[in-house]
2 protein chains.
Amino acid sequence: MKIKSQRLVAIRKIIQTQKVSSQDELLVLLESSGHITTQATLSRDLKFLKVAKVADPELGYIYSLGDAVFKKSEEDSIDDFPMNGVKSIEFSGNMAVMKTRPGFANGVAFVIDSHGLYEVLGTIAGDDTILLIAREGVSKADVVHALALFIPGLEDMVL
Amino acid sequence: MKIKSQRLVAIRKIIQTQKVSSQDELLVLLESSGHITTQATLSRDLKFLKVAKVADPELGYIYSLGDAVFKKSEEDSIDDFPMNGVKSIEFSGNMAVMKTRPGFANGVAFVIDSHGLYEVLGTIAGDDTILLIAREGVSKADVVHALALFIPGLEDMVL
DNA sequence: TTTATATTTGAATATTTTTGCAATTGAAAT
DNA sequence: ATTTCAATTGCAAAAATATTCAAATATAAA
């Protein structure tokens, strides 16, 4: 079904963007972006997406996507370097072709994979080109937005 | 106070060691190691320790300190079946993205190709990912069934 | 020590989350 | 088209978790 995956993307976007501390709160936020549903469904969605609820210094509790909270020191340094190799991204159907500087494709693809993005099923890398398969029901903008979280300036590389 | 910090240490130890899925369950486990308390206190302790509750493939939910959960059950067992480098398969449109253990993709793709399946036009393999192009008019279930003939347990790997 | 202040806790309660079930919808097969 | 099977959902109830409040306990200052 289409609506479900769209809703899941919307949920990810909201959770990555702001601090949500209950499913009822999320319910309201989703309405604002056109997704009407019930709290029971959200409970199932959050379970599916492996979203965790964890204590937050400011608010009491917030929801968090695995990679956002837990990924920290280890791979951060590795994260940044290869991402400068990205040169452009273009879409065709549910695929994207990303161009990198020669030799960078595998490194970049590895980083993309390791983020375990919901929007991206997987990647295949050559030397300077990455083929990226997007999830059904996910828009190009969704993919760009998700990748832009760790590829600075990607927005400007869309051809 | 002394007892509290001891309890916190005990909680950490338990959570890192085994899969706990409720505070009541944790309550019992703590008794075994000499810490009598109540659920209310555990709620506070878990908040203090920033322990997250997250979905687990096997049990419903488990508590988790940091990324222990996310990496655990991935790479644990190394069996000896021929094709069991395969970890998952997902579909998007007329394509499937198959994930394998690192380095396995080419080997698995070769085997798939050599079966000359009607359902599969062809494959492209990277290091741990295979892109699989399905024939038009063939359903996702068809592809899975065809592959399952020689990839044991593939049915359970469909995400 | 004694008083004042802050922390910790349990019991009860409020809130939040999960789940069983039945109805609905969608996709595939006949 | 009709039937079958599986996936998705809402509702209501159950289960789990967080918090309020008051009491108990520790900590600090005099």
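A note on names: the letters A, B, ... follow the listed sequences, proteins ahead of strands, and every chain is numbered from 1.
- One finds a side-chain N or O of Ser43(A) lying less than 4.0 angstrom from the OP1 or OP2 phosphate oxygen of dT18(C).
- Gln39(B) contributes a side-chain N or O that forms a donor-acceptor pair with the base of dA18(D) under 3.5 Å.
- The residues Asp142(A) and Arg135(A) are annotated as not salt-bridged, no charged nitrogen and carboxylate oxygen being separated by less than 4.0 angstrom.
- What separates CD1 of Ile62(B) from P of dT17(D) is a distance of 13 Å, to the nearest Å.
- To the nearest 0.5 Å, atoms CG (Asp45(B)) and CZ (Arg7(B)) are separated by 4.0 Å.
- The nearest whole Å value for the distance from the CD atom in Glu31(B) to the C1' atom in dG10(C) is 14 Å.
- Comparing atom distances between the Tyr63(B) side chain and each of dT17(C), dC11(D), dT17(D) picks out dT17(D) as nearest.
- Taking 4.5 Å as the limit, every side-chain heavy atom of Leu49(B) sits out of range of all side-chain heavy atoms of Ile15(B).
- Contact annotation: Arg7(A) side-chain N/O to dT9(D) OP1/OP2 distance is under 4.0 Å.
- Between the CG atom of Leu42(B) and the C1' atom of dA18(D) there is a distance of 12 Å, rounded to whole Å.
- You'll find that the side chain of Ser22(B) is closest to dA16(D), out of dT19(D), dG10(D), dA16(D).
- When the side-chain nitrogen and oxygen atoms of Lys47(B) are compared with OP1 and OP2 of dT17(D), none of them lie within a distance under 4.0 Å.
- The side chain of Arg44(B) approaches dA11(C) more closely than any other nucleotide in the set dA16(D), dC11(D), dA11(C).
- In this model, the phosphate group of dG10(D) is approached by a side-chain N or O of Thr41(A) to a distance below 4.0 Å at OP1 or OP2.
- Between the CG atom of Leu46(B) and the C1' atom of dA18(D) there is a distance of 11 Å, rounded to whole Å.
- Remark: Tyr61(B) is not in phosphate contact with dT17(C), judged by side-chain N or O atoms under 4.0 Å from OP1 or OP2.
- Taking the side chain as every heavy atom from C-beta outward, Ile14(B) and Gln18(B) approach each other to under 4.5 Å.
- Atom NE2 of His35(A) and atom CG of Leu42(A) lie 11.0 Å apart (nearest 0.5 Å).
- Regarding Leu49(B), its CG atom lies at a distance of 12 Å from the P atom of dA18(D), rounded to whole Å.
- Taking side-chain N and O atoms only, Lys53(A) has no distance below 4.0 Å to OP1 or OP2 of dT16(C).
- Spacing between atom CG of Leu27(B) and atom C1' of dA15(D) amounts to 15 Å, rounded to whole angstrom units.
- Taking atom CG of Leu8(A) as the reference point, atom C1' of dT8(D) lies 11 Å away to the nearest angstrom.
- Taking atom CD1 of Ile36(B) as the reference point, atom P of dA11(C) lies 12 Å away to the nearest angstrom.
- Distance from the side chain of Thr37(A) is smallest for dG10(D) among the nucleotides dT17(D), dG10(C), dG10(D).
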